Protein chains: 2
Amino acid sequence: MQTVGFENHDHTVCVGVGMKAAEDVCAAQGLRLTKGRRRVLEILLQEHRAMGAYDILGMLSDEGFASQPPVVYRALDFLVANGFAHKIQKLNAYIACAHPGDSHTPVFLICRACETVAETAAPLQSTLGEAAEKIGFKIETTIVEAEGMCPRCRETETAV
Amino acid sequence: MQTVGFENHDHTVCVGVGMKAAEDVCAAQGLRLTKGRRRVLEILLQEHRAMGAYDILGMLSDEGFASQPPVVYRALDFLVANGFAHKIQKLNAYIACAHPGDSHTPVFLICRACETVAETAAPLQSTLGEAAEKIGFKIETTIVEAEGMCPRCRETETAV
DNA sequence: ATCGAAGCGTTATATTATATCAAGTCATCC
DNA sequence: GGATGACTTGATATAATATAACGCTTCGAT
């Protein structure tokens, strides 16, 4: 399982890799990574956490972008539709994709204490897809979000 | 896989079984299935679909219950906390539990055409839990929601 | 009967997200 | 190089979902 989220790491690399991957995909597919879309992705990569749409909007408007909700929702729609970001349903929040470029069904591990979110790959989907197919249901996308305690918060909790 | 949602069935049985299960669990655990909570569960069982909180609230207020949001959210919180109903994150909607009494990690199959929701059992969780544990993450609850096309809508689609 | 916890009524507000329409931008075709 | 059409953005308004807070009531235990 490749997992991103709880290890220490050189974060500037994440941002660079993420932006590069998005640029490449957009170039290859004729998608327009416009100023606002690019900036939202940068913010998500830099912050490296699940962010509410209005958190992002606040940052954008501080930087001179328009301050209406559609500004950020449009950018997020684009990023999510093209796999550069994901929505965390449980938190109504958005996070940069940790495996950009790969086609994948992500699994999110969400810490209920600190709300840190890690993205991992699913060890399971084909089984579920086959089981669903048996009753005639055709799965197109799957959301998997596991809530619990991250390593860091488990330590803190037991220490208290 | 036991699946509930796409088959034809005698629906009054569902309601009776669901209410009975909730009553039994409440009696066993000292929980109070008050008038409002009971009525919300009945509504969810009768409608047999994912309903928005405000849809339910509308029905309640038509019946003489108070018409403020907390009325329904409190009842839903109780029902969800005790396993009598589930929240469908993808739809911001609530649905009666199809396997009342069993402890289970549900998997929902959501039709993107008609929004019908079926609840099935997960063929997978232990694998995910073990994988998460290897990186120190302790999973407590898991949300699995698969979106796609139900048998009925697939037929209609190909017919068109 | 009284006490404390749980539940409910009510007002107000917070949070998240979308509809709509006009104006701007960009690539392409002629 | 101007017309065209698809896509993108600006801006206003509103919809949809959910919670905070406070006081009163109800219930069950002592």
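Lettering of chains follows the sequences in order, A, B, ..., and the numbering in each one begins at 1. Everything quoted here is computed from the prediction, not taken from an experiment.
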Is the shortest distance from a Lys or Arg side-chain nitrogen in B:Glu140 or A:Arg154 to a carboxylate oxygen in the other one below 4.0 Å?
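A:Arg154 and B:Glu140: not salt-bridged.
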May I ask you to decide whether B:Lys20 forms a salt bridge with B:Glu23, counting only side-chain N to carboxylate O separations under 4.0 Å?
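No, this pair does not count.
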A:Arg32 and A:Arg37: which non-hydrogen atoms are nearest, and at how many Å?
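Residues A:Arg32 and A:Arg37, closest heavy atoms: O-NH1, 2.7 Å.
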For the residue pair B:Ala50 and B:Ile95, what are the closest heavy atoms and their distance?
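Here B:Ala50 and B:Ile95 meet closest at N-CD1, 3.9 Å.
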Nucleotide [N], atom [atom2] - distance to [atom1] of [X] in whole Å:
X	N	atom1	atom2	result
A:Arg39	D:dT9	CZ	P	16 Å
B:Asn92	D:dT19	CG	P	10 Å
B:Gln89	C:dT15	CD	P	18 Å
A:Gln68	C:dA22	CD	C1'	14 Å
B:Leu91	D:dA16	CG	P	15 Å
A:Ile56	C:dA17	CD1	P	10 Å
A:Asp55	C:dA14	CG	P	16 Å
A:Leu57	D:dG10	CG	P	12 Å

Listed nucleotide nearest any side-chain atom of B:Arg37, set D:dA18, C:dC8, D:dT9
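So the side chain of B:Arg37 is nearest to C:dC8.
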What's the closest nucleotide to the A:Thr34 side chain, out of D:dT8, D:dA13, D:dA18?
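Selected nucleotide (nearest to the side chain): D:dT8.
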Quick check, does B:Tyr73 stack with D:dT19? I mean ring centres under 5.5 Å and planes off by under 30°.
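Taking the rule of under 5.5 Å and under 30°, the ring of B:Tyr73 does not stack on D:dT19.
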Does A:Lys35 place a side-chain N or O at less than 4.0 Å from the phosphate oxygens OP1/OP2 of D:dG10?
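For D:dG10, neither OP1 nor OP2 has a side-chain N or O of A:Lys35 closer than 4.0 Å.
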Heavy atoms under 4.0 Å, any strand shown: does A:Phe65 hit a base, just sugar-phosphate, or nothing?
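No contact.
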Sugar-phosphate, base or nothing in reach of B:Phe78, heavy atoms under 4.0 Å
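No contact at all - B:Phe78 keeps every heavy atom at 4.0 Å or more from the nucleic acid.
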Has B:Glu115 got more than 12 heavy atoms of other residues, nucleotides or ligands less than 6.0 Å from its CD?
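For B:Glu115, atom CD is not crowded (no more than 12 foreign heavy atoms under 6.0 Å).
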Pick the nucleotide of DNA chain C nearest each of A:Arg74 and B:Arg32; which residue has the one closer to the 5' end?
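The residue whose closest nucleotide sits nearer the 5' end is B:Arg32.
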By nearest nucleotide on DNA chain C, pick out whichever of B:Pro70 and A:Asp77 is the more 5' one.
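Nearest-nucleotide comparison on DNA chain C picks B:Pro70.
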Between A:Tyr54 and B:Lys87, which is nearer to the 5' end of DNA chain D once each is assigned its nearest nucleotide?
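Taking each residue's closest nucleotide, the earlier one in sequence belongs to A:Tyr54.
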